[in-house]
A.B. asks: 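Pasting a structure below so you can have a look.
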Amino acid sequence: MRWSRLLLATLRDDPQEAEIVSHKLMVRAGLIRKLSGGLYTFMPLGLRALHKVSNIVREEMDRAGAQEILMPALQPAELWERSGRLATMGPGMFRLKDRAERLMTLGPTHEEVVTDLLAGEVSSYRQLPCTVYQIQTKFRDEIRPRFGLMRAKEFIMKDAYSFDTSLEAADASYQAMFDAYVRIFQRCGLDARPVEADTGDIGGKWSHEFMVLADSGEDGIIDCPACGYAANQERAEHADTPANDPECPSPLAVDTPDARTIDDLTALFGCPADRFIKTLIYLADGKPVAALVPGDRDLNENKFKRLLNAKQLVMADDTTIEKVTGAPTGFSGPVGLTIPIYADRTLHGATDRTTGANKADTHLTHVSLERDASVTAFEDLVIVGSGDACPRCGKPMQIKRGIEVGHVFKLGTKYTESFDATYLNDKGQSELMVMGCYGIGVTRTLQAVVEQSHDADGIIWPISVAPYAVSLLLLDPKDPAVCAVVDDLEQTLAARGLDVLVDDREERPGVKFKDADLIGSPIRVVVGAKGLAKGGVEIKLRTSKEVTLVPVEQAADAIAAQATALTEALCP
RNA sequence: CGGAGCGUAGCGCAGCCUGGUAGCGCGUUUGGUUCGGGACCAAAAGGUCGAGGGUUCAACUCCCUCCGCUCCGACCA
């Protein structure tokens with residue numbers, strides 16, 4: 001391809017719309033253009049890179065035995081009523097009505113459609129296992145789209161769904177997808193790592209997210225350097241590390257007018273936040289329960305909900321709190337409470353703490369939790385942070401940021417029950433299929449590559465996803481001898497299957513060098529009168545400062561050899 | 001949805017407080033000088049100043065309403 005014919009304009013300035021480096025670079029390098037918030041057009045260069053990612057995904061899905069299908073993005077809302085997700089995912093879905101006033105949705109994901117499909121197609125155990133996938137545009141009415149392709153209203157996702165005859169067989173399908181994901185991200189040149197994850201609204205029992213470490217990531221990842229345990233902060237656990245507090249005298253009521261928050265109390269008592277116990281009153285499916293966490297910690301509502309096995313968990317309103325504790329909000333405490341009380345593990349053995357007294361404007365000091373209150377259970381309740389003990393090995397863990405590029409779930413029979421997706425086993429009995437689902441944010445993955453691979457000058461594409469493997473700079477477009485070398489090289493390289501972008505513009509060399517760095521082709525080849533006079537063309541890798549001068553007749557071989565080496569370095 | 005900010009040429013911005021009919025840089029076009037890391041000189045094209053309404057002799061500027069965008073928060077595969 002000749003740059004002079006490409007619809008490609010690079011920008012010198014960072015776009016005002018962009019916040020993170022990958023977004024800035026993708027706009028500056030002419031890969032994407034914004035239509036409106038969370039909606040982007042892929043320009044020729046960006047689309048080429050996107051196709052490369054899609055093809056890697058497709059190859060690895062096929063290799064793992066999954067079959068490609070394509071389901072409609074437009075779906076009847078009725079399907080979502082059957083699974084109950086019209087309510088739970090409700091506001092996040094785009095809805096519209098057809099002319100018959102039938103409620104439709106633009107699919108944010110396809111569990112419903114695919115389960116309904118397979119329920120009809122599969123009738124015998126002989127047809128199982130079966131994994132299908134698609135690469136398709138998804139729609140989510142994001143509350144706040146941001147970071148370009150990272151969180152968009154419309155995005156491309158690869159979603160796969162496995163159907164099996166048993167939990168064990170489903171585990172094998174899950175593992176096959178997990179392994180395919182490892183390969184996919186490796187081939188994209190991404191440093192992505194699997195972490196244990198929460199299942200969210202999709203439901204199900206177990207899941208892993210594939211995270212690309214990046215400071216701009218929207219998710220917190222808890223990581224244990226000692227043993228390798230890694231989990232999304234939403235789910236991360238911590239070890240039982242009982243407090244080692246000394247004995248203390250009996251509880252003492254203290255006047256604390258208007259001191260409702262931990263900040264108020266630390267100011268009033270002049271001691272650190274962890275000496276207080278926060279008592280949070282929740283309604284779990286309508287029934288009041290209390291959660292106790294150290295004053296400097298936050299409750300992880302996901303974990304609490306899972307522990308209680310509750311469908312719905314909300315913070316109690318002021319009226320309920322007053323009814324349950326006998327005191328206004330801000331003065332709740334465990335002592336004397338009759339509702340179930342769950343305390344975080346770190347409060348095991350906690351003594352001499354300060355808590356609300358369940359009486360207006362009053363707190364209790366010298367509270368020894370197990371002596372003075374009846375705690376139902378000590379469990380893992382807090383949002384885990386840096387320094388907490390690893391649940392596997394007990395060593396301190398770290399917190400990092402990550403971009404979620406893939407997510408694999410074991411769903412069990414959650415959806416097959418809703419859609420009555422059964423098959424006949426070898427004894428002629430009807431059984432529910434066991435499902436798994438597996439997503440990769442294709443557009444997000446592309447941006448994650450840029451986020452992880454760039455420098456001050458621009459993008460550094462791994463060759464596997466580069467729009468063009470080679471940027472061929474024609475420095476003297478008016479010099480017939482130079483042009484002849486470029487024409488020849490372009491053809492030879494194309495014949496060897498390499499994507500070449502020839503910068504044939506009437507620009508000064510400096511402009512071409514800058515743009516070549518910006519758009520980030522892994523191999524840069526410079527052909528100019530000066531270079532030819534010195535004996536050849538110059539080959540340079542985007543990742544290196546080193547320039548190699550190669551005689552014209554050996555150039556194609558040398559370039560192809562570099563391309564092969566770069567490709568092989570990415571192959572698992 | 002709550003808080004904050006912004007909307008002026010393709011892109012990045014100034015002008016607005018203190019009303020007088022729009023400017024800078026980049027990019028684009030033409031000519032010239034240049035030519036190995038975003039050149040210089042000269043000329044030129046390009047703007048319903050987000051939209052609607054109001055105040056005024058006069059509105060980019062002041063007031064009201066709406067729309068869009070960005071950031072923080074809540075929310076989220």
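Every chain is numbered from 1, with letters handed out A, B, ... down the list of sequences.
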A.B. asks: Measuring from the side chain of A/Arg508 (C-beta onward, heavy atoms only), which nucleotide among B/G38, B/G12, B/C35 has the closest atom?
C.D. replies: B/C35

A.B. asks: Select base, sugar-phosphate, or nothing to describe what A/Arg28 touches, counting heavy atoms under 4.0 Å on all strands.
C.D. replies: base

A.B. asks: Could you check whether A/Gly439 gets within reach of a base, just the sugar-phosphate, or nothing at all, counting any heavy atom under 4.0 Å?
C.D. replies: nothing

A.B. asks: Using a heavy-atom cut-off of 4.0 Å across all strands, would you classify A/Lys512 as base, sugar-phosphate, or nothing?
C.D. replies: nothing

A.B. asks: Check every atom of B/G25, B/C13, B/C35 against the side chain of A/Pro509 and return the nucleotide holding the closest atom.
C.D. replies: B/C35

A.B. asks: Check this one for me: any side-chain N or O of A/Lys514 less than 4.0 Å away from OP1 or OP2 of B/G37?
C.D. replies: no

A.B. asks: What's the closest nucleotide to the side chain of A/Glu507 if the choices are B/G37, B/U28, B/G25?
C.D. replies: B/U28

A.B. asks: Looking across every strand, which nucleic acid part, if any, lies under 4.0 Å from A/Tyr438 by heavy atom: base, sugar-phosphate, or nothing?
C.D. replies: nothing

A.B. asks: Indicate, with a heavy-atom threshold strictly under 4.0 Å, whether A/Glu218 touches base, sugar-phosphate, or nothing.
C.D. replies: nothing

A.B. asks: Checking contacts here: which listed nucleotide (B/G38, B/C71, B/G12) is nearest the side-chain heavy atoms of A/Thr10?
C.D. replies: B/G38

A.B. asks: Describe the nucleic acid contact of A/Asp476 in one word from base, sugar-phosphate, nothing, applying a heavy-atom distance below 4.0 Å.
C.D. replies: nothing

A.B. asks: Given A/Tyr181 and A/Tyr438, is the ring-ring contact (aromatic ring centres under 6.0 Å, His included) satisfied, shown in steps?
C.D. replies: CA-CA 9 Å; A/Tyr181 276 33; A/Tyr438 318 92; 7.0 Å; no

A.B. asks: From the options B/G38, B/C13, B/G37, select the nucleotide whose nearest atom is closest to the side chain of A/Val511.
C.D. replies: B/G38

A.B. asks: Assess the residue pair A/Phe210 and A/Leu190 against the criterion (side-chain contact (heavy atoms from CB on, under 4.5 Å)); give the C-alpha distance rounded to whole Å, side-chain angles, the decisive distance to 0.1 Å, and a yes or no.
C.D. replies: CA-CA 11 Å; A/Phe210 284 77; A/Leu190 273 175; over 6 Å; no

A.B. asks: What contact category does A/Asp517 fall into here, base, sugar-phosphate, or nothing, at under 4.0 angstrom with non-hydrogen atoms?
C.D. replies: base

A.B. asks: Any strand is fair game: report the nucleotide pairing with B/C66 by Watson-Crick or G-U wobble, both distances under 3.5 Å, or none.
C.D. replies: B/G50

A.B. asks: The criterion is salt bridge (Lys or Arg N to Asp or Glu O under 4.0 Å); which residues satisfy it with A/Arg297, sequence neighbours excluded?
C.D. replies: A/Asp388

A.B. asks: Checking contacts here: which listed nucleotide (B/G37, B/G25, B/U34) is nearest the side-chain heavy atoms of A/Lys540?
C.D. replies: B/G37

A.B. asks: A/Ser36 has a side chain; which of B/G37, B/C69, B/C71 sits nearest to it?
C.D. replies: B/C69

A.B. asks: How would you label the contact of A/Glu19 with the nucleic acid (heavy atoms, under 4.0 Å): base, sugar-phosphate, or nothing?
C.D. replies: sugar-phosphate

A.B. asks: Can you measure from CE (A/Met211) to CG (A/Asn232) and round to the nearest 0.5 angstrom?
C.D. replies: 4.5 Å

A.B. asks: Taking donor-acceptor contacts at under 3.5 Å, does the side chain of A/Arg146 reach the base of B/C71?
C.D. replies: no

A.B. asks: Considering only the C1' atoms, how many Å lie between B/C49 and B/A14, rounded to the nearest integer?
C.D. replies: 13 Å

A.B. asks: Could you check whether A/Ser207 and A/His407, counting side-chain N and O atoms only, form a donor-acceptor pair closer than 3.5 Å?
C.D. replies: yes

A.B. asks: Name the one of A/Glu17, A/Gln447, A/Glu451 that satisfies side chain to side chain donor-acceptor pair (under 3.5 Å) with A/His23?
C.D. replies: A/Glu17

A.B. asks: Need the pair for B/G73. Rule: Watson-Crick or G-U wobble, both distances under 3.5 Å, any strand; none if unpaired.
C.D. replies: B/C1

A.B. asks: For B/G37, give its Watson-Crick or G-U wobble partner with both distances under 3.5 Å, or none.
C.D. replies: none

A.B. asks: When you measure from the side chain of A/Ile143, which nucleotide among B/G38, B/C1, B/G25 comes out closest?
C.D. replies: B/C1

